[in-house]
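Take a look at the structure below.
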Amino acid sequence: MMVLLSVQSIYSMEEQIDTLKQLNSVVITAKKPQLTTAITRTVIDSATISQSATSSLAEVIATKTPLYIKTYGLGSIATISFRGTAASHTKVKWNGVKINNPMIGQIDFSQLPIWMMDRVEIYHGGSSLVEGSGSLGGGINLYSDNWVKKPLEISLIQRVASFKTLNSALGIGSASKKHSLQIRYYYLTADNNFKFYNNAVLPHRYQKQKNAEITKRGVSTDFRYIIDNRTKINFHTWYHKSDRNLPTIMSYEGKGRNEKQNDYDFKYSLSAEKIGSRLKQKFTNGLNYISIDYLLANHTDLGLITNIDSRSSSYSYINTYQLNYHLSQNLELKIDANIDYHNVKTLNRITNEGYRANRGEFGVGATLFWNRDIFDGYIHLREEYAQSNLSPLMPSIGVVVNLDNTKNINFNITKNYNRPSLNDLYWLPGGNSDLKPEEGISSDISFNIKSKERSIILYNISSNIFISKIKNWILWRPSEFRYWRAENIREVLSKGIEINYMLKYASDSERSIYIHGNYGYTSSTNQKALNDKDKSVGKQLIYTPKHKASISMGVNMYSYTAKWSTNYMGQRFTTSENESTRHKLMAYTIHSLEIQKDQSVLNKKLNIIFSIDNILNKDYQSILWRAMPRRNYSLTLKLTI
Amino acid sequence: MKNIKYIIAIASIIISTLSCEKSDTPDIPIPSSEVHNVYICNEGNFMYGNASLSLYNKEEKKVYNQIFYNTNNVPLGDVLQSMNIIDNRAFLVVNNSGKIQVIDSDSHKYVATITDLNSPRYIIDIDYNKAYVTDLYAPIIHIVDHKTYKKTGEIKVGRGTEAIVKHGDYAYVCSWSFSNMLYKIDTKKDIVVDSLVVTKQPNSLVIDKYNNLWVLSDGGYSGSPYGQERAALSKINLSTFKIEHLHSFESDSQSPTKLTSDGEGENLFFINGSWGESIQNGGVYKVSNLNSSKPTLSMLIPEDNRLFYGLGVDPDNSDIYISDAIDFQQKGVVFRYSSSGVLKDHFYVDIIPGYFHFKREAPGK
C-alpha cells in the first residue's frame, strides 16, 4: 500500500500525472482522510481503473495488488485469497451494500467489470473491521461515485481481441447544479477457443479449448440529487447477466458434456446523506439479488441426459446508518448500525434436492478516531447479533506514528468473527447447523515512505507485515459416497509481507519513465491435526502461493506510451501436506506489452491501445489441469467526448 | 536519496527470494511385476484431475505411488473410481474423465484408452472379449471389447448403474443414486431380464461361496427428497432372485459402504460409517455364518478417530486393507490388518484412496 500523508499530497501527485500523460504512472495511491490515518487501506483510483477499463476486478486485483486471485481462466470463476485466507474471508461492499453471496459467503470477482466502478478501496487485515465483520483477510469496498460535472460526457470503448473476443463499453453522463447522472453499459463476448498443449492425454497434442464461450452484459446508473449544500441523495443500480459455458478439465475424453452457469444479478443502493459542521449522517438502503443457474448434461448413447439442473437465488436486504461526529478538531466519533436480512433458496430440479433459509443480522460499531501531530489512531468496537446468537465483542485498535512528512509507521491489532455461510449451515446433505463462527485475531505493522512533493524523481513504497490466526476454520470434507459435510476443523496461522512500490522520473511534462509493482509473501499454514496420521500441520494451505510479484515499466514520450509488465506467480500446492512432485503447480512468469497512442480527433480524445499478453507464449496452469491461453492480442479504441 | 537506497535494497531481496524457487522431480522407481501386488486406486479430488495409481509390494513391503504417471508421463485423469485386470491388462476406470485407461499389468505401460463414456464406475469381464462398464450418469451399461478397447454397444437399464458382479450367465447390477433397484442381466443377450426392489441406495454387491448375492444399501440421507430408509444388508437367493434375509441397521445416521469378501467368499466385510464424521460403533464389520438363517455381524476394527474410506480384503491371506483419506487433500493412509483385526502396519499412498485391487496370477500362468 502506498500511504501518502495527506489528502493534498495525493491530489498533487495525481495532478502531475494527469498533466504528464494521463494516468500511466502511479498505479495505486491511498487516501487518508485526516482522522482515519491509522486504517491500513489501499485505494485503486479512477486513473488506474480507466487504464484497465475492459478488465474485470479480478484481473485488476491480480496485477495491481499483492492479493491472490484464483482463476479458472479468461472470464471464468475467480475467487480471492487475502493474506492466505479463504474466499469467504473477504467481504465486498458496493456503494455501501454488502454483495457477497450469502449462500457461499464469497464472491466471483470475474463478475465485476471494473468499468462499472470509479474507486476500489482495499482494507487490509484488521482495518476492515471498521467496515463490518467477517473479513478475516481483509475487505474491499467498491464505489461508483465519480460524479459527472459537465452537462454531457460520453466515453466509448471498443476492443477486439484473440479468441473472438469483443468488448464494448459506453458511459454517458449528464449533470446540472442539482443533479448528476451517469449510465454505463458493457458487453463482452468471447469464444475462448484458444489453442493449448494438452499433456494430460496420450498422445500429448495441441488442441483447441472447447465449451468455454462467455457472454456478459450489464448496465448501471449512478444518480445524485443535491437538495442543498449539505443534503444529497444518491441512487445506484446495477444489472448484470452472464452466460458461461464451463470447459472440462484437460484429461477429459468422455462422450461429451454440456456444463454451463448463468448468473443474473441486480443490486441497488439508495442513500441519503446530510453533512453539518460537526455532524455527518448517512442512511443507506440496498438490495443484492443473485441468481445462479447451473446445468450439467451428458451426451449418452440415449441422447443428452441432464444430471444437474440447479437454480439458486438469494435476496439480501441491507440497511445501514452511519453517524460521524467531530467531538473536536482532533477527535471524531463514528457510530454505525446495520440491519440486514438474507433469504436464499436452491433447488436441483432433477433430484428435487435443495433448501430454503433466511437469516437476519444486526450489528453496531463504534469508532473513536484521534489525530495528533505525530500520533494518530482509532479504537473500534463491534457487536453483532444473528440467529439468536450475540457475537463476542470485536475490538480493533490502530495507531500511526508520523516520523516526518515522508515516513510513517502504522500498527493494528484486531479480533474478528465470520459467521458460517447459509450453505455451510443448511446445505442438504452435509450442512451443519452446529457450526461455530470462524474466529480471527490479526495484527499488522506497516512502513510507508515517499518522496517529497514536486520533486523530479517521485517514489513511494509501503511494506506491510502481518500475522493472523484463525480458529474454527470451516472446511467441507467429502465422506464415503460423496456426501460432504461442513466442519469447524482447521486452525490456520498466516503471516507475511505485502509491498507496493513506485519510482518515476519526469524530465518534463511530456516525457517520463516509471517503474511500479508489488510483491506478496504469504505463509499460511494449518496448525491442527485431524489425527496422528495427518501430515498437514505446519504446511502451506492449498492454492496459496508463498510468493507473488508483479512489475511494470513504462515510458511516456509525447503522445506515445509503452508499458512492459511482468507477473510472477509462485508455486502452489494442491495437497494439504504439500506433496511436491505430481500435485504441485509450478511457478510461472507471464509478460505482456502494451503500446498506446493518444490522439485528438475533431477535438475529441482518442486512445488507441495495442497489447500482447503472454508474449513469450508460455504454457502454464493457474488451476490444476485447467488450460490457459498462450500468446494473445488485443486492440482497443477509446473515445472520450 | 536514502529512501532510494531503501527501495533498491527491498527490490534486491525480492529478486533473490524469487530466484530461490526449486523444482522437484519425481523419483519413484517402477516396481517389478512378478509378485502378488496390491493396487490402490486413489480417486483424487473431484475436478482436480489428480487421480493416481499406487502399488503395494507385499514381499518388499514397499509402496510405489504415481505408477501410471511415472511410467507413461501423463496424469491418469479425474477420479479413479476402480480398476480390474483382464488378461494381463489393467483397466483403470477414470470416472470424471469419461474414460478407461488400459495399461499392461506387468510393465504398467500405456496400451490404450477407452473413450466416449459418460461417468464410468466399474468394469467386469464377461467373456473372451466382452466387458461391462457401469455408469453413474447414463442409464445404461456400456459394452466394451477388452481386446480392441472399443465400445461396442450398451444395455439399456433405465437408471444409472453402480456395482456389478457376474455369476454364471448372468450379471447383477445395482443402481445407487436416488434408486433402490437391482437388475439381472442376461450376458449372452445383453438385456435386462429381471429386477428387484431393495433398500434405498444399494452401493455394493458380493456373491459369497454359497452363491448368495449380498447387497449393501446406505439408505440415503436424512432430509433427502428421495427419502431415507435405515441402511440394510440384504441376502438374495440367486435361484429365486428374492430377498432371503434382511439386516436393518440400528440408526439413520449409519451409512455403510464398501461391501467385500475374503478370497473364499466365506466372510463379508464392510465399513459402517457416516457422513464425514466418526459415529459410535463405526468401523469395519465382519459378517459370518453366511449360509445360516441368521448371519452374524460383529465389529472387527473400530474407527477410532479415523475416517475409513476404502476397504479391501486380500484373497490370498485375508489381510484387511483400510484407507483413511484424512482431510481428503493429502496423501491418504492405508492400514493393514490381519484377518482377525490385528494391526500389522500402515503406509501412505495418494489422495483419497478408495479402491483396492489384489493382483493374482492369471490362470494357467
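Computed from heavy atoms alone, side chains included, the values below leave out hydrogens, waters and symmetry copies. Below, chains carry the letters A, B, ... as their sequence lines are ordered, and counting in each starts from 1.
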Discussion item. Using 0.5 Å steps for rounding, measure from the OG1 atom of A:Thr574 to the CD1 atom of B:Ile351.
Written reply: 5.5 Å
Item to complete: State whether the side chain of A:Asn307 and the backbone N or O of B:Tyr137 hold a donor-acceptor pair below 3.5 Å, judged by distance alone.
Response: yes
Discussion item. With rounding to the nearest 0.5 angstrom, report the OH to CD distance, A:Tyr543 to B:Gln329.
Written reply: 10.5 Å
Worksheet item: Quick one: CG on A:Asp534 to NZ on B:Lys331, what's the gap to the nearest 0.5 Å?
Response: 14.0 Å
Worksheet item: Got A:Leu624 and B:Asn50 here, is their nearest side-chain heavy-atom distance under 4.5 Å?
Response: yes
Worksheet item: Which atoms of A:Leu296 come close to chain B, meaning under 4.5 Å heavy atom to heavy atom: side chain ones, backbone ones, both, or neither?
Response: side chain
Practice prompt. Output the option from B:Val94, B:Leu117, B:Asn72 having the highest count of non-hydrogen pairs under 4.5 Å with chain A.
Written response: B:Leu117
Worksheet item: Of the non-hydrogen atoms in B:Gly77 and A:Ser251, which two are nearest, and what is the gap between them?
Response: CA-OG, 3.4 Å
Worksheet item: Do B:Pro139 and A:Ile305 touch side chain to side chain, with heavy atoms closer than 4.5 Å?
Response: yes
Worksheet item: Between the side chain of B:Asn118 and the main-chain N/O of A:His299, is any donor-acceptor distance below 3.5 Å?
Response: yes
Discussion item. Can you confirm whether the side chains of B:Tyr348 and A:Glu579 place a donor and an acceptor under 3.5 Å from each other?
Written reply: no
Worksheet item: B:Ser224, B:Ser52, B:Pro225, B:Pro120: which one forms the most heavy-atom pairs within less than 4.5 Å of chain A?
Response: B:Pro225
Worksheet item: Where the side chain of A:His204 meets the backbone of B:Asn73, is there a donor-acceptor pair that is under 3.5 Å apart?
Response: yes
Worksheet entry | Closest heavy-atom pair and its distance - B:Lys99, A:Val201 | NZ-CG1, 4.1 Å
Discussion item. Please find the pair of heavy atoms, one from A:Trp625 and one from B:Gly49, that lie closest to each other, and give the distance.
Written reply: CD1-O, 3.2 Å
Worksheet item: Quick check: does any side chain N or O of B:Gln330 sit under 3.5 Å from a backbone N or O of A:Lys535, one acting as donor and the other as acceptor?
Response: yes
Item to complete: Taking the side chain as every heavy atom from C-beta outward, state whether A:Lys533 and B:Asp324 have any pair of such atoms under 4.5 Å apart.
Response: no
Worksheet item: Any side-chain heavy-atom pair from B:Tyr48 and A:His583 closer than 4.5 angstrom?
Response: no
Worksheet item: What closest approach, in Å, do B:Val74 and A:Ala200 show between heavy atoms, and which atom pair accounts for it?
Response: CG2-C, 3.3 Å
Worksheet entry | Flag if over 12 foreign heavy atoms under 6.0 Å of CG, A:Leu403 | yes
Worksheet item: Who passes side-chain hydrogen bond (donor to acceptor under 3.5 Å, both in side chains) against A:Glu577, sequence neighbours left out?
Response: A:Thr575
Discussion item. Can you confirm whether the side chains of B:Asp327 and A:Ser576 place a donor and an acceptor under 3.5 Å from each other?
Written reply: yes
Worksheet entry | Contacts of A:Tyr294 that satisfy ring-ring contact (aromatic ring centres under 6.0 Å, His included) - sequence neighbours left out | none
Fill in: Which of B:His142, B:Gln101, B:His346 touches chain A most, by non-hydrogen pairs under 4.5 Å
B:His346
Fill in: Reported CD1-to-CG distance for the pair A:Ile542 and B:Asn45, which is rounded to 0.5 angstrom
7.0 Å
Worksheet item: Under a 4.5 Å cut-off applied to non-hydrogen side-chain atoms, are A:Arg257 and B:Asn96 in contact?
Response: yes
Discussion item. Under 4.5 Å from any heavy atom of chain B, what part of A:Asn199 do you find: side chain, backbone, both or neither?
Written reply: backbone
Practice prompt. Take atom NZ of A:Lys255 as the centre, draw a 6.0 Å sphere, and report whether it contains more than 12 heavy atoms from other residues, nucleotides or ligands.
Written response: yes
Fill in: Sub-4.5 Å side-chain heavy-atom contact between A:Glu353 and B:Phe178
yes
Item to complete: Quick one: which of A:Asn298, A:Asn352, A:Asp301 has the most heavy-atom pairs under 4.5 Å with chain B, could you say?
Response: A:Asp301
Worksheet item: Non-hydrogen atoms of chain B under 4.5 Å away: do they reach the side chain of A:Ile249, the backbone, both or neither?
Response: side chain
Fill in: Which portion of A:Leu541 sits near chain B, non-hydrogen atoms under 4.5 angstrom
neither
Discussion item. Ignoring hydrogens, what is the shortest heavy-atom contact between A:Leu302 and B:Ile140? Give both atom names and the distance.
Written reply: CD1-CG2, 3.6 Å
Worksheet entry | Polar contact flag, side-chain donor to acceptor under 3.5 angstrom, A:Arg582-B:Asn70 | yes
